[in-house]
Amino acid sequence: MFVEVAKTDEIATGGMKAYEVKGKEIVLCNYDGKIYAVSRRCGHTNAPLEMGTLEGYILTCPLHHSQFDITTGEILSGPVPADFGEEPIPESLMKYFQNVGMLLSKVKTYDLETYPVKVEGNSITVDMD
Ligand code: FES
């Protein structure tokens, strides 16, 4: 069943915005004037995706930079290890990052859920069932 989630003027072209609808968190994405709805939580470790970037149809997670196709929810590339460049890192902090990296390497990244969207007039409705 389609429910109204937003008005079209809430999401500029190239923009994203998070909503909670029927107990589910989603992000509406405006790709070239067409609206797509995907689950809000990253398929890796749940970062809020509206805080990432949207370039065309590619949504990049703000935390470890996995990339997803918003038209299908499919993961395009997985998490990227932190890059500290040439900056020296204190040994204790390095051990922490190595431990986090080891744990994250064992976490599977899932595709995002996608939801059907209809735009009627200035109303954006999403089928959340
Ligand atoms: S939480 Fe999104 S890539 Fe790790």
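We count ligands from 1, going down the list as the structure has it; atoms in each ligand are counted the same way.
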Q | Partner of Tyr19 by side-chain hydrogen bond (donor to acceptor under 3.5 Å, both in side chains), out of Glu10, Arg40, Glu50, Lys24 | A | Glu10
Q.
A side-chain contact here means heavy atoms from C-beta on lying under 4.5 Å apart; do Tyr115 and Val38 qualify?
A. no
Q | Glu91 and Tyr96 side chains, donor-acceptor separation under 3.5 Å | A | no
Q.
Need the ligand 1 atom indices (1-based, order shown) with element for anything under 4.0 Å from a heavy-atom of Ala47.
A. 1 (S)
(Q) Any donor-acceptor pair under 3.5 Å linking the side-chain atoms of Thr125 with those of Glu4? (A) no
Q: Identify, for atom 1 (S) of ligand 1, the protein heavy atom at the shortest distance, and state residue, atom and that distance.
A: Thr45 OG1, 3.1 Å
**Q.** Spatial distance of atom OG1 (Thr109) from atom CG (Leu104) [nearest 0.5 Å]
**A.** 9.0 Å
**Q.** Any N, O or S atom of His64 closer than 2.8 Å to atom 2 (Fe) of ligand 1
**A.** no
Q: Show which atoms of ligand 1 fall inside a sub-4.0 Å distance from at least one heavy-atom site of Cys42.
A: 1 (S), 2 (Fe), 3 (S)
(Q) Using a distance threshold of 2.8 Å, state whether an N, O or S atom of His44 lies below it from atom 4 (Fe) of ligand 1. (A) yes
(Q) Between Asp129 and Met1 (side chain of the first, backbone of the second, donor and acceptor by atom type, cut-off under 3.5 Å), is there such a pair? (A) yes
Q. Looking at Ser66, which atoms of ligand 1 are within less than 4.0 Å of one of its heavy atoms?
A. 3 (S)
Q) Where does Cys61 meet ligand 1, judged by heavy-atom distances below 4.0 Å: at the side chain, the backbone, both, or neither? A) side chain
